[in-house]
Amino acid sequence: MSLSTLPSAAATATPLTAPVLDVVVPVYNEEVDLEPCVRRLHAHLADQFPYRFRITIADNASTDTTAEVAARLAAELPDVVAVRLAAKGRGRALKHVWIHSDAAVLAYMDVDLSTDLAALLPLVAPLISGHSDLAIGSRLSRGSRVVRGATREFISRSYNLILRGTLAARFSDAQCGFKAIRADVAEQLLPLVEDTGWFFDTEMLVLAERSGLRIHEVPVDWVDDPDSRVDIVATAIADLTGIVRLARGLASGRLPVATLREQLGRDPRPVAGVPAGLTGQLLRFAAVGVASTLAYLVLYAFLRVGVGPQAANLIALLVTAVANTAANRRLTFGVRGAERAWQHQAQGLLVFAIGLGLTGGALGMLDGGAPRAVELAVLVAANLVATGVRFLLMRIWVFRAARAEG
């Protein structure tokens, strides 16, 4: 078997006798479903998967006969092994097996096999080729075909909306029990994942996304298991607690995602004559600028009813400048945490003073009796010039040191 399709670093570190894929089936008290699941998965991989594989049954502290069933399957089926952990927790079981596996690509799926196995090869192929770093099955993307009750559908969609709103997550389905990760990525990413239960998946994906890793999504055919053992209320509380903890860790800078981004992140391919990251920064800065300009014009028009043009311009520009600096700090230049935030705001106010001079000078050149539409048009033009100056100063002065340190 050739590993030439693997990323060069992974291929160098992986012995030729090691499997390309290690599929983990985490179980807790699954003495009934375990055997048909493993036999079906083994038959599918033996028939459809073109590389060497391993199936690892990860029993996390079952109290029934799951351990005996797992041992019997490992003894009977080639390329099946059983691991037993003394402590409960799906996340704990996955982390343990993945960290100790010698496979180049690591995956897992739930024992109920709710996801159609036909999606397994599309899931791991981008990782084997080196195109992506993680892969997830998605029940919420276009092309997915899902059969489940309205309650679970509502909970799943609500949870992913919460992730988008609180952690700015861009992946579509955090909870589908069908995921894979490259071993070289897991080696550096998993030590940062603290959760040992159901929030493990979400935490791993958010950290991967913040680290600049590429996450591949595969639409899946998924049929709900009516005999699911998941405690929805307890899981929801644990997930919300995990979101708060993870948000604090990211906001405080405790989680070294900037370091991971340097080590593992996929930076855009350089374009001759364009500084690294400039295109993305310009797009994000433009989006923030559009929002700031709209807010400025609304605020200016509101204030202009009661005060003169110069006072309205000063107040509107000051308020939007503070918000603009905060938004660009986080979104455009990727600076997070409280460190040097006040310094950045002070520097931003100096940049604001330049913008004030440009817009104030433009107003000063107008005749006091100029129509309101002309006044606003001149302000828009002056703001465009001020915006260009603001971006240049933010990039080369305000956030330059912070980006270099991050």
Side-chain angles (χ1 to χ4, degrees), residues 21-46 48-49 53-98 101 103 106-121 123-124 135-139 146-149 152 156 173-181 195-202 204 218 220-232 234-235 238:
L21 175 66
D22 192 346
V23 182
V24 182
V25 181
V27 288
Y28 173 75
N29 288 349
E30 296 287 357
E31 58 184 2
V32 175
D33 291 337
L34 178 57
E35 182 165 355
C37 161
V38 172
R39 290 190 181 279
R40 180 181 162 198
L41 175 60
H42 186 272
H44 175 83
L45 287 170
Q48 301 291 331
F49 192 68
F53 66 87
R54 177 193 299 133
I55 299 172
T56 300
I57 304 168
D59 175 17
N60 52 110
S62 292
T63 56
D64 60 3
T65 62
T66 295
E68 289 79 358
V69 175
R72 185 175 71 251
L73 289 168
E76 180 180 342
L77 296 175
D79 304 313
V80 174
V81 299
V83 175
R84 179 169 172 80
L85 283 78
K88 187 180 176 183
R90 185 186 68 161
R92 177 182 285 107
L94 289 174
K95 187 174 183 179
H96 174 84
V97 175
W98 280 356
S101 178
L106 313 166
Y108 94 88
M109 59 181 56
D110 291 336
V111 70
D112 56 20
L113 292 186
S114 294
T115 303
D116 187 351
L117 291 177
L120 182 55
L121 185 55
L123 181 80
V124 301
I136 65 173
S138 175
R139 300 161 296 184
V146 177
V147 179
R148 63 175 165 181
R152 284 184 175 272
S156 180
D173 191 351
Q175 294 175 310
C176 182
F178 194 65
K179 296 183 175 69
I181 184 172
D195 191 80
T196 59
W198 293 95
F199 189 69
F200 173 88
D201 300 50
T202 300
M204 177 182 68
V218 177
V220 297
D221 297 341
W222 196 87
V223 180
D224 191 15
D225 178 15
D227 189 35
S228 175
R229 313 286 178 84
V230 179
D231 186 329
I232 296 178
T235 302

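Of the possible polar contacts, none joining the Lys179 side chain to the Leu123 backbone as a donor-acceptor pair under 3.5 Å is found. The backbone N or O of Val24 lies less than 3.5 Å from no partner atom in the side chain of Thr56, so there is not a single donor-acceptor pair. Between the side chain of Asp195 and the main chain of Phe200, a donor-acceptor pair closer than 3.5 Å is present.
Under the 4.5 Å side-chain criterion, counting only non-hydrogen atoms from C-beta, Ile55 is in contact with Leu41. Looking at heavy atoms from C-beta onward, Asp110 lies in side-chain contact with Arg90 at the 4.5 angstrom threshold. With a 4.5 Å cut-off on side-chain heavy atoms, Leu120 and Leu45 count as touching. Under the 4.5 Å side-chain criterion, counting only non-hydrogen atoms from C-beta, Met109 is in contact with Val23. Residues Val218 and Ile136 have side chains not in contact (no heavy-atom distance under 4.5 Å, counting atoms from C-beta outward). Considering only heavy atoms from C-beta on, Ile57 stays 4.5 Å or farther from Val83 through its side chain. Under the 4.5 Å side-chain criterion, counting only non-hydrogen atoms from C-beta, Met204 is in contact with Ile181.
For Arg92, the side chain to side chain contact (heavy atoms under 4.5 Å, CB included) criterion is met by Leu85, Ala87, Thr196, not counting sequence neighbours. Residues satisfying the ring-ring contact (aromatic ring centres under 6.0 Å, His included) criterion with Tyr108, sequence neighbours excluded, are absent altogether.
Atom CG of Leu106 and atom CG of Leu94 lie 10.0 Å apart (nearest 0.5 Å).
Across every non-hydrogen atom of Asp59 and Ala67, the tightest pair is OD2-CB, 3.5 Å. Shown here for Cys176 and Val220, the closest heavy-atom pair between the two residues is SG-CG2, 4.5 Å. Pairing each heavy atom of Ala107 with each of Leu21, the nearest pair is CB-CD1, 3.9 Å. Scanning both residues, Ala71 and Ala82, for their nearest heavy atoms gives N-CB, 4.3 Å. In plain terms, the two heavy atoms of Gln48 and Leu121 that are nearest each other are O-CD2, 4.4 Å.
Side-chain N/O atoms of Asp22 and Ser101 include a donor and acceptor closer than 3.5 Å. Side-chain polar atoms of Asn29 and Thr63 form a donor-acceptor pair below 3.5 angstrom.
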Going through the distances and angles, do Arg139 and Asp173 end up as a salt bridge (Lys or Arg N to Asp or Glu O under 4.0 Å)? CA-CA 7 Å; Arg139 300 161 296 184; Asp173 191 351; 2.8 Å; yes

Criterion side-chain contact (heavy atoms from CB on, under 4.5 Å) on Ser114 and Val223, from CA distance to verdict: CA-CA 5 Å; Ser114 294; Val223 180; 5.6 Å; no

Apply salt bridge (Lys or Arg N to Asp or Glu O under 4.0 Å) to the pair Arg39 and Glu76, showing each step before the final yes or no. CA-CA 10 Å; Arg39 290 190 181 279; Glu76 180 180 342; 2.9 Å; yes

Where do Trp222 and Asp116 land on the side-chain contact (heavy atoms from CB on, under 4.5 Å) test, with the steps shown first? CA-CA 6 Å; Trp222 196 87; Asp116 187 351; over 6 Å; no

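When each of Asp64, Thr65, Asn60 is checked for a side chain to side chain contact (heavy atoms under 4.5 Å, CB included) with Ser62, only Asp64 meets the rule.
Taking 4.0 Å as the cut-off between side-chain N and carboxylate O, Arg40 and Glu35 do not count as a salt-bridged pair.
Using the six-membered ring where Trp is involved, His42 and Phe53 have ring planes that are perpendicular, over 60° apart on the 30 and 60° scheme.
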